[in-house]
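Step one of this worksheet: look at the structure below.
Counting begins at 1 with the first residue of the sequence.
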Amino acid sequence: MRNHRKHTVLAAAAIAALSLGLTACGGGDAAGAKDAGSASSSQSTAGTGSNGTAGGATADQTATKSGSGSTGGSTGGSATGGSTASGSTGSTGGSKTGSTTGGSTGSTGGKSSAAAPACAYGDIKVTAAKADEVPTEHITLTATNTSGRSCTLLEYPLIAFGPIQTAKDVPAVAKSKPAAPVVLKPGAPAYANVRIALGGAHEDNKVVNEFNVNLFAAQGPAEGSIVVKAPAGGLAVDEAAAKTGYWTYELRNGADEF
């Protein structure tokens, strides 16, 4: 009985020792595995961090290079294409050349023709022709620009059928006035209808073989007179009945009938 118990105790002790050994081995393996896992994780983390850092550095470096490339591209674009400086200069130059210079030239050209100087007596040749009527009551004056440049023929002819100092002024007919002054190019004519008498021969009529025509300047009558020869046979003029029309490009029905 005692021996059996002793063996039982010994067997229990052996089992307990074996269990402790196994536990110790199992704990070591677990710890080892845990340590190995931790080491692997640390290594992985370290590796990943290193790679990530390297990758980040590479990415930053790539971005830096790309940025440099963009900067270079922009700089190159500015230097080559002149998108900023040259483009602005081009636009400015274009505006100055097109709008200012071209526009001014165009405007000046337009103004030159509208503001042609007034025709002076030395610029114009005036001739007279009888109207196709009997008796002669009207003549047509033709003023031709002989100056070689454009000039403006202002208002109406200032006519003196006799000595300028004593001749009566020949009044103008208001309805004959054109809408705008007559600008004559070199060699171009203008016309004025002039009434010299009413009802044919009259005791107050005087025979005129030549007469004077003055022109208007911008401020009023111009200096200098143009001597006009009367048509063949002279003109029987009644100064009391005389009237003149304005200078026009062509004689008009109604406006130049008086």
Side-chain angles (χ1 to χ4, degrees), residues 94-132 138-165 167 169-196 208-232 235 237 242-258:
S95 299
K96 288 183 179 178
T97 304
S99 301
T100 307
T101 307
S104 297
T105 302
S107 299
T108 303
K111 288 181 181 177
S112 293
S113 116
C119 300
Y121 76 96
D123 300 331
I124 298 296
K125 178 182 178 181
V126 179
T127 59
K130 292 180 179 180
D132 187 13
H138 298 83
I139 60 172
T140 300
L141 297 183
T142 301
T144 304
N145 182 1
T146 58
S147 68
R149 60 180 174 80
S150 294
C151 65
T152 304
L153 197 57
L154 298 171
E155 302 294 337
Y156 52 88
L158 291 166
I159 303 170
F161 288 116
I164 295 177
Q165 293 79 6
D169 292 334
V170 177
V173 178
K175 71 174 183 177
S176 174
K177 187 174 182 177
V182 174
V183 178
L184 292 182
K185 293 181 180 179
Y191 306 94
N193 187 38
V194 180
R195 187 176 75 190
I196 60 172
V208 173
N209 293 314
E210 64 179 24
F211 55 95
N212 294 289
V213 172
N214 280 41
L215 305 178
F216 273 94
Q219 294 76 26
E223 294 184 359
S225 295
I226 303 170
V227 178
V228 182
K229 290 184 178 181
L235 299 172
V237 176
K243 291 185 181 295
T244 182
Y246 282 74
W247 294 116
T248 63
Y249 290 112
E250 59 183 0
L251 296 180
R252 301 149 297 169
N253 293 330
D256 292 309
E257 294 176 349
F258 46 86

Answer yes or no: is there a side-chain heavy-atom contact under 4.5 Å between [X] and [Y]?
X	Y	value
Ile124	Ser147	no
Phe211	Leu235	yes
Asn214	Pro221	no
Thr140	Val194	no

- [ ] Decide, yes or no, whether a salt bridge links Arg149 with Asp123 under the criterion of side-chain N to carboxylate O below 4.0 Å.
- [x]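 Salt bridge present between Arg149 and Asp123.
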Open item on the list: For Val183 and Tyr249: C-alpha separation, side-chain torsions, deciding distance, then whether side chain to side chain contact (heavy atoms under 4.5 Å, CB included) applies.
Closed with: CA-CA 9 Å; Val183 178; Tyr249 290 112; 4.1 Å; yes
Donor-acceptor under 3.5 Å ([X] side chain, [Y] main chain):
X	Y	result
Lys185	Asn145	no
Lys243	Ile196	no
Thr144	Gly187	no
His138	Phe258	yes

Which pair of heavy atoms, one from [X] and one from [Y], lies closest together, and at what distance?
X	Y	result
Ala118	Ala218	CB-N, 4.5 Å
Leu184	Ala143	CD1-O, 4.0 Å
Gly245	Pro157	O-CD, 3.5 Å
Tyr121	Ser225	CD1-O, 4.0 Å
Glu210	Val208	O-CG1, 3.0 Å
Ala116	Ser150	CB-O, 3.9 Å

TODO: Could you please spell out the steps behind the ring pair (Phe, Tyr, Trp, His ring centres under 6.0 Å) verdict for Phe216 and Tyr156?
DONE: CA-CA 7 Å; Phe216 273 94; Tyr156 52 88; 5.0 Å; yes
Task: Lys229, NZ: over 12 other non-hydrogen atoms inside 6.0 angstrom - done: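 Incorrect, the count does not exceed 12.
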TODO: Return yes when atom NZ of Lys125 has more than 12 non-hydrogen atoms of other residues, nucleotides or ligands closer than 6.0 Å, and no otherwise.
DONE: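 No, NZ of Lys125 has 12 or fewer neighbouring heavy atoms, counting only those of other groups under 6.0 Å.
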Task: Chi angles and distances behind the side chain to side chain contact (heavy atoms under 4.5 Å, CB included) call for Glu155, Trp247 - done: CA-CA 6 Å; Glu155 302 294 337; Trp247 294 116; 5.9 Å; no
- [ ] Hey, could you give me the OG1/CG distance between Thr244 and Asp169, rounded to the nearest 0.5 Å?
- [x]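 If I round to the nearest 0.5 Å, the distance is 12.0 Å.
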TODO: Enter the distance from Thr152:OG1 to Leu215:CG here, rounded to the nearest 0.5 Å.
DONE: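 Atom-to-atom, Thr152:OG1 and Leu215:CG are 12.0 Å apart.
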TODO: From the options Ile139, Val126, Leu141, Asn212, select the one residue that forms a side-chain contact (heavy atoms from CB on, under 4.5 Å) with Ile159.
DONE: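 That would be Leu141; it is the only one of Ile139, Val126, Leu141, Asn212 passing the side-chain contact (heavy atoms from CB on, under 4.5 Å) with Ile159.
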